[in-house]
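Report on one structure; see the data block that follows.
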Amino acid sequence: MIGETVSRRNFLKITSIAGGGMLIGFNFLSDNLSAASVADAVFSPNAYITINSSGLVTLMAPNPEIGQGVKTALPMILAEELNVKWDTVEVDMAPLDPKFGSQVAGGSGAIRGRFMPIRKAGATARVMLISAAAQQWGVAETDCYAEDGFVINKASGKKLGYGELAAKAATLPVPADVALKDPKDFKIIGTRVHNIDNKKIITGQPLYGMDTRRPGMLYAMVARPPAFGKAIKSFDDTETRKVAGVKNVVMAHGVVAVLATSTWAAKKGRDALVTVWEDKSPGESTADHDAQYTSLIITKSDRPGRVDGDVDAVFAKGGKVIEAVYELPNLAHSAMEPLNFFADVKENSAELYGPTQIPARMRQEVAKALNIPEANITLGMPRQGGGFGRKLQADNGVEAALISQAAKAPVQMMWTREDDMQGDYYRAGAMYKMKAAISADNQIEAWHLNGASLGGGSAMADSFPAASVPNFRVDTHSLHSNIQTGPWRAPTSNIVTFADESFMDELAHEMKKDPIAFRLELLDKAANTPVGKVGYDINKYRSVVELVAKMSNWGKGLPKNVYQGFAARFSFSTYAAHVAEVTNTNGVLRVTKIYSAINCGRVVNLSGAENQVQGAILDGLSHALFSKITFDKGAVNEKNFNTYKFMRQKDAPIEVLVQFVPTEDAPTGLGEPALPPIAPAVANAIFAATGKRYRKLPFELGKA
Amino acid sequence: MAKYTLSVNNKAMSVEADEDTPLLWVLRDHLNLVGTKYGCGIAQCGACTVHINGAAVRSCQYPVAAVGAGKVLTIEGLSPTGTHPVQLAWEEMDVPQCGYCQGGQIMAAVALLKTHPNPTDDDIDKLMTNICRCGTHYRIRKAIHLAAGKMTPKAAKV
Ligand code: FES
Ligand code: FES
């Protein structure tokens, strides 16, 4: 069966240890039951680690894997402290279970939050295996050490494998406090480790929710409202039921679901439905939103995000004042794997399996919707074909569960790309009015950001250059709308950074200062004469600015037709600075090279970390160049990838070079922080290349 | 409904499906070959790329009735042990992030290397048109160059 909640072998191991902190589990129900497997002692001091008597080390990856690499990086941390060789371990995806702590993919928080607890889990097992060996040899623990899956007796040189020690270690009490490794002895953390699922990915093995296949399972396709503001009034399924393969049509969750024996039959059945929709609330259009933004950004907010000094007094003096308006579109999440979910709902229990960034909340919401106790619901997580924040919502699982309940059948609910585009919780578009005053001695005397966005916040009040400017004000406004919006990779930062960092570049040019030298000058001011709260670490900020300037040989020795732009951002505890290079070939612009400097504390997986930074940069660039979602009376205009455009190789930079600031600091998040500064870095490079300021996303360069 | 006998990964496989069923869904739902992915259904993203008689096609827009005697190759059938030079290059460059698009990317790259055993960046620009939402373009480009280096002229004809 594809997509079991957890492999049977491991499920048994886990249940066998669920009762106490630690005990020996026997695989009594193992598929190949034999004397040997019955005697298979399992050492499992905590939920994350299982070592059997043959020495197989199985590590559990606790957090949802949406492409951010935690299924590789978190077990690496376990393996490091456990002192085993990485290529000898097995990694399994954990099911939802409180013993794995907070199982969330969001806020770039997995490595940041779990680094120390996971190290402790690994170290605990190592210490216990050393104790077991010491007892066996009758020597002191300090006379032994662990390395590469063995405990070694310092005096005699004798070795015992972890598998040989499993039975004994399983009888020892779990120590409360253990010494962690000295980071200078790290052998796995900080190295290049490849994605744990690579082999399965490159051979097309079933891994994703979309690949779930179960006996008796039906595929479900759903007719959803064609626009925000509309709801189903009535439907006629006469033609649908004539489609070969269609088994059932049910109403659930306010939608009509067609269940069939194949995806194609379900889709044909759905397309044959005759639906009547009624207006529940007015359908909104992008033009309406833009008009409202335009009036809001010239209005002060009652509750400004930050006020230092008095910007209005400075602007009123009548010195040099610069103004600019920046616009960003709504965006879709459009993970490559469209939404789907498997649910098998019985009388008073349910099995769920599918893509989610918030498994615990998913189960809660499903329990509520089904009126079945949470304890009777299992939830397993497949590898996910992207997340980007869309799967922080629970709608896909709730919908699948309600359909399964109504149809009394196991259901794989499938969204088409068009369903996914119309049913998103979009990254809200925004508009900013930026205004600054330049003093007679060529300094920024006042900075005013006034932003409006569809739902949610449009600015981070304390982000740079706050604290470096004597008069500073942030106003934000949000529009109420019946269009769903929600977090999208690097929320808020992914909109406001375009305004902040483009405007910074405009000011630098206006003041005839080098854009990087100008930032460093402001950082010095924030360090020496801070105004109000300093919401960022000045030294870390400076570390990435200086490193990327060096990497890119900023401003020096460029070929005639190559131009550079700079931007930086602090978000999710990580600092990112990029230099984008734009090449002008006979009037055709292409972003050809990106340099990126990152300060994210200690890097756990160098290959994975670089991949995240490169990916965030290319993802951000792709959207900045091409993507936008617009609405016409509540209906999305861009319904698929022919109109919602993405970057292809011909538009991608030839090189994306990443360096991490060397540091001993604890690791911080990396899935998001490299995205926000790429759009302004490119806008600033385009300005350098053409003298034209692009203040509106997407750039749509070809259309100029 | 009609009966078809398809050649998929060098095996004869029979299916019963509506003639307008895209090959993508026949592979996924009828033959349980789920390595070929659905991303858009309109031949835009390339997640569903397979080979028919050696050429890359987007199977979401390829009705089963049109396959006829064509030899279909999917990511599962690319090599028995997952060691096609392009697969090895993908591993070596650690290309995948979420991985969802990568089966299609690999099938597109294999097809590209058949016609362009030593592709330039320009060739890659023109012929690699699949979408990757995670932004693995840079590593894909490097992996294609790496694979080209690995491939003997014989391997290029797989
Ligand atoms: S699913 Fe076929 S090209 Fe996108
Ligand atoms: S790796 Fe995620 S879409 Fe390409």
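Here the structure is a predicted model, which is why all the values come from computation and not from measurement. Naming: A, B, ... by sequence-line order, numbering from 1 per chain.
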Are Arg213(A) and Val34(B) close enough, and set up right, to give a side-chain contact (heavy atoms from CB on, under 4.5 Å), and what steps lead you there? CA-CA 10 Å; Arg213(A) 301 287 182 269; Val34(B) 295; 3.5 Å; yes

So do the side chains of [X] and [Y] get within less than 4.5 Å of each other, counting heavy atoms only?
X	Y	result
Arg139(B)	Ser607(A)	yes
Arg590(A)	Asp125(B)	yes
Trp25(B)	Ser262(A)	no
Ile42(B)	Arg417(A)	no
Tyr100(B)	Leu207(A)	no
Asp20(B)	Trp264(A)	yes
His137(B)	Met647(A)	yes

Heavy-atom proximity to chain A below 4.5 Å, by part of [X]:
X	answer
Asp122(B)	neither
Glu92(B)	backbone
Met1(B)	side chain
Val95(B)	backbone
Ile131(B)	both

Between Arg383(A) (side chain only) and Cys98(B) (backbone N and O only), is there a donor and an acceptor less than 3.5 Å apart? yes

Could you check whether any side-chain N or O of Gln87(B) sits under 3.5 Å from a backbone N or O of Ile202(A), counting only pairs where one atom can act as donor and the other as acceptor? yes

[atom2] on [Y] to [atom1] on [X], rounded to 0.5 Å:
X	Y	atom1	atom2	answer
Asp121(B)	Thr592(A)	CG	OG1	11.5 Å
Arg648(A)	Cys132(B)	CZ	SG	11.5 Å
Gln205(A)	Glu76(B)	CD	CD	7.0 Å
Trp90(B)	Ile201(A)	CH2	CD1	12.5 Å
Asn640(A)	Cys45(B)	CG	SG	8.0 Å
Tyr138(B)	Ile617(A)	OH	CD1	10.5 Å

Select one option (side chain, backbone, both, neither) describing which atoms of Gln384(A) are under 4.5 Å from chain B's heavy atoms. backbone

Let me know if Thr416(A) has heavy atoms under 4.5 Å from chain B in its side chain, its backbone, both or neither. both

Under a 3.5 Å threshold, yes or no: a donor from one side chain and an acceptor from the other, between Asn611(A) and Gln97(B)? yes

Over 12 foreign heavy atoms within 6.0 Å of NZ, Lys639(A):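 Yes, enclosed.
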
CD of Glu19(B): more than 12 outside heavy atoms within 6.0 angstrom? no

Between Glu91(B) and Asn195(A), does the side-chain contact (heavy atoms from CB on, under 4.5 Å) criterion hold? Intermediate values first, please. CA-CA 9 Å; Glu91(B) 273 204 88; Asn195(A) 187 327; over 6 Å; no

Work out which heavy atom in Cys40(B) is nearest to a heavy atom in Phe641(A); give both atom names and the distance. CB-CD1, 3.7 Å

As an exercise: rank Arg133(B), Gln102(B), Lys126(B), Arg141(B) by heavy-atom pairs under 4.5 Å with chain A and give me the winner. Arg133(B)

Given the options Gly82(B), Pro22(B), Gly46(B), Cys101(B), which has more heavy-atom pairs under 4.5 Å with chain A than any of the others?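 Most heavy-atom pairs within the cutoff with chain A belong to Pro22(B).
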
What pairs with Thr83(B) under side-chain contact (heavy atoms from CB on, under 4.5 Å), at least two apart in sequence or on another chain? Lys199(A), Ser79(B), Thr81(B), Leu88(B)

Apply the test side-chain contact (heavy atoms from CB on, under 4.5 Å) to residues Lys268(A) and Asp18(B): give CA-CA distance (whole Å), side-chain angles for both, the deciding distance (0.1 Å), then the verdict. CA-CA 11 Å; Lys268(A) 280 176 106 174; Asp18(B) 274 352; 2.8 Å; yes

Determine, step by step, whether Thr136(B) and Gln614(A) satisfy the side-chain contact (heavy atoms from CB on, under 4.5 Å) criterion, reporting the C-alpha distance in whole Å, the side-chain angles of both residues, the deciding distance to 0.1 Å, and the verdict. CA-CA 7 Å; Thr136(B) 60; Gln614(A) 289 161 344; over 6 Å; no

